[in-house]
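Start at 1 with the first residue, then count along the sequence.
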Amino acid sequence: MYQSKSSRGNSPVSIIGAGIAGAWQALLFAQAGHAVTLHERSDAAMTESTSHWAGGMLAPYCEAEVAEPIISRLGLRSLDIWRRELPDTPFNGSLVVAHARERNDFERFARMTEGHKRLDASGVAQLEPSLDGRFRDALFFPAEGHVEPRRVLPKLHERILAAGGNIKFNSDISAEDLEGIVIDCRGLSARDGEPELRGVKGEMILIETAEVELARPVRLIHPRWPLYVIPREDHLFMLGATSIEAEDTGVSVRSALELLGAAYAVHPAFAEARILEFGSGLRPAFPDNLPRITIDRTKISVNGLYRHGFLLAPALAELTLAYVERGQIDNEVMRCA
């Protein structure tokens, strides 16, 4: 059914989709010496990509509250790859806080996760001086990190070129037009071959203020979904991220109120911040919300990263490379068509 391992290893590799999943596939394959071409239907700005609207949280410990163990396993491996390939990635940890009315949910979060330290009010203030007096305690996850998607994707693209890969933007191409190994990382656009995929909307707001300084993402426990404030460069903060079972675009009034209210609840100075941007992206998800690598002869599909794209993409690329070069199968993630 499949080409021999040596035949696969010598084939050119074409990757469709230059978002976070496709970029990591292209980088690891190019570094391994393969002739790689990365195709992207939009331009280099990548504004049509789901990655453009992502939070960029590298938080496998926090995600364990709601995610399956496979997310933690792949996520922890990805942290090592991020550190190896982009050593300037901020690993300042993440902070989880709650107000008194969400106390029970806060304690549940603590029980459902590991890898955290419990801080008292003085510990919170020492870690984040802007939050002095705001919370009586917090959970600190020191091993976690975060990236700014709109800055890190161009860095990954540069690394691909430096490793000998080729990137073709404005290249709206199908797998049938390509020879050799084809890795499909198109997300929701791949529903022509993956009918089970659905879109889960994640909304975000970008604000600007010099009145608050944070060194790491702050998650605020919320009765419906975790809301977080992620620091960016140049006094910017991203507020996110809802998970709504809808495939429309834009940000609803209710979501905007909740996101802005969450920022205000973290620090009142956010009330004077300037709103720069509202936006949303559709995350590709399978019914079980788990990632999937599907192998059909020389075509490989990597999809269903759901809300964990930046966390899982490096580990999934490593698994795909291991299959192509050594025939290695990860039974939790891979399936043969």
Side-chain angles (χ1 to χ4, degrees), residues 19-21 23-24 46 49-67 71-72 74-97 109 113 115-117 119 124 127-128 130-131 138-156 202-209 212-221 225-243 259 262-263 266-267 270 276-277 279 281 283 305-315:
I20 192 62
W24 272 107
M46 298 292 294
S49 169
T50 301
S51 300
H52 186 75
W53 305 103
M57 307 247 317
L58 309 178
Y61 293 104
C62 283
E63 290 301 317
E65 184 234 354
V66 293
I71 303 300
S72 297
L74 295 175
L76 289 171
R77 176 57 190 152
S78 285
L79 296 190
D80 293 336
I81 303 173
W82 276 104
R83 290 187 181 98
R84 182 188 77 203
E85 299 297 335
L86 291 172
D88 60 343
T89 299
F91 279 93
N92 300 329
S94 55
L95 202 62
V96 176
V97 298
F109 193 100
T113 57
H116 56 72
K117 302 176 181 178
L119 304 179
V124 173
L127 200 65
E128 294 287 3
S130 286
L131 300 184
L139 301 175
F140 176 47
F141 295 79
E144 296 188 335
H146 70 286
V147 295
E148 185 170 348
R150 298 179 190 182
R151 292 180 183 267
V152 81
L153 264 181
K155 289 183 181 179
L156 288 172
E203 300 159 311
M204 58 82 77
I205 300 176
L206 190 67
I207 62 175
E208 178 186 35
T209 179
V212 182
E213 293 185 9
L214 297 175
R216 55 193 53 81
V218 176
R219 292 185 181 230
L220 180 68
I221 298 295
W225 47 56
L227 297 170
Y228 47 75
V229 180
I230 307 176
R232 302 293 197 218
E233 294 184 10
D234 303 322
H235 305 296
L236 302 182
F237 297 86
M238 176 186 165
L239 313 179
T242 58
S243 291
L259 291 173
V266 169
H267 199 294
F270 280 123
L276 301 181
E277 187 176 356
R283 304 149 170 161
L305 278 65
Y306 185 42
R307 53 180 287 162
H308 309 117
F310 280 76
L311 176 62
L312 300 185

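Put simply, the side chain of M204 reaches to within 4.5 Å of the side chain of L206, judged on heavy atoms. Contact check for S94 versus H116: no side-chain heavy atoms found under the 4.5 Å cut-off. Between L79 and P60, some side-chain heavy-atom pair lies under the 4.5 Å cut-off. Looking only at side-chain heavy atoms (C-beta outward), I230 and M57 come within less than 4.5 Å of each other. The side-chain heavy atoms of E203 and W53, taken from C-beta on, include no pair separated by under 4.5 Å. V218 places a side-chain heavy atom less than 4.5 Å from the side chain of V97. Looking at heavy atoms from C-beta onward, K155 lies in side-chain contact with D88 at the 4.5 angstrom threshold. Taking 4.5 Å as the limit, some side-chain heavy atom of P90 sits within range of a side-chain heavy atom of H146.
Scanning for ring pair (Phe, Tyr, Trp, His ring centres under 6.0 Å) contacts around F140 gives an empty result, with sequence neighbours left out. Every residue two or more places apart in sequence or in another chain was checked for a salt bridge (charged side-chain N to carboxylate O under 4.0 Å, His left out) with K117, and none qualifies. Scanning for salt bridge (charged side-chain N to carboxylate O under 4.0 Å, His left out) contacts around E148 gives R151, with sequence neighbours left out. Listed by chain and residue number, nothing satisfies the side chain to side chain contact (heavy atoms under 4.5 Å, CB included) test with P154 (two or more places apart in sequence, or in another chain). Remark: A21 engages C185, L305 in a side chain to side chain contact (heavy atoms under 4.5 Å, CB included) (not counting sequence neighbours). Partners of T89 under the side chain to side chain contact (heavy atoms under 4.5 Å, CB included) rule, at least two apart in sequence or in another chain, are L58, W82, L86, F91, V147. Applying the ring pair (Phe, Tyr, Trp, His ring centres under 6.0 Å) rule to H308 yields the partners Y306; only residues at least two apart in sequence or on another chain are considered. When the side chain to side chain contact (heavy atoms under 4.5 Å, CB included) test is applied to A262, the partners found at least two apart in sequence or on another chain are L220, L227. Take E128 and apply the salt bridge (charged side-chain N to carboxylate O under 4.0 Å, His left out) test, not counting sequence neighbours, and it matches R216. Residues satisfying the ring pair (Phe, Tyr, Trp, His ring centres under 6.0 Å) test with F109, not counting sequence neighbours, are none. Legend: residues meeting salt bridge (charged side-chain N to carboxylate O under 4.0 Å, His left out) with R83, ordered by chain and number and at least two apart, are D80. Residues passing the ring pair (Phe, Tyr, Trp, His ring centres under 6.0 Å) test with F310: none are found, sequence neighbours excluded.
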May I have the step-by-step check of salt bridge (charged side-chain N to carboxylate O under 4.0 Å, His left out) for R232 and E213, ending in yes or no? CA-CA 10 Å; R232 302 293 197 218; E213 293 185 9; over 6 Å; no

Please report the C-alpha distance between V266 and V212 in whole Å, then the side-chain angles of each, then the deciding distance to 0.1 Å, and finally whether the side chain to side chain contact (heavy atoms under 4.5 Å, CB included) criterion is met. CA-CA 10 Å; V266 169; V212 182; over 6 Å; no

Under the side chain to side chain contact (heavy atoms under 4.5 Å, CB included) criterion, do L95 and L139 qualify, and how do the steps go? CA-CA 6 Å; L95 202 62; L139 301 175; over 6 Å; no

As a quick check of understanding, evaluate side chain to side chain contact (heavy atoms under 4.5 Å, CB included) for F270 and V229, giving each step before the final call. CA-CA 10 Å; F270 280 123; V229 180; 3.9 Å; yes

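In terms of heavy atoms, P314 sits closest to S78 at CD-OG, 3.5 Å. Nearest approach of A215 to P231, heavy atoms of both residues: C-CG, 4.1 Å. Counting all heavy atoms, side chain and backbone alike, G115 lies closest to P142 at O-CD, 3.5 Å. Summarising the geometry of L153 relative to A23, their closest heavy-atom pair is CD2-CB, 4.1 Å, with the distance given to 0.1 Å. Here the closest non-hydrogen pair linking A143 and Y61 is CB-CE1, 3.8 Å.
To the nearest 0.5 Å, atoms CZ (R283) and OG (S51) are separated by 11.5 Å. With rounding to the nearest 0.5 angstrom, the CG atom of L311 is 8.0 Å from the CG atom of L76. Annotation: the span from R219 atom CZ to E65 atom CD amounts to 8.5 Å, rounded to 0.5 Å. In this structure, CD in E63 is found 9.0 Å from CG in L312, a value given to the nearest 0.5 Å. Here CG of L239 is found 11.5 Å from CD of E277. Values are rounded to the nearest 0.5 Å. A distance of 6.5 Å separates NE2 of H267 from CG of L131, quoted to the nearest 0.5 Å.
Heavy atoms of other residues, nucleotides or ligands lying less than 6.0 angstrom from NE2 of H52 number more than 12.
Proximity of a side-chain donor or acceptor of T113 to a complementary backbone N or O of C62 within less than 3.5 Å is not detected.
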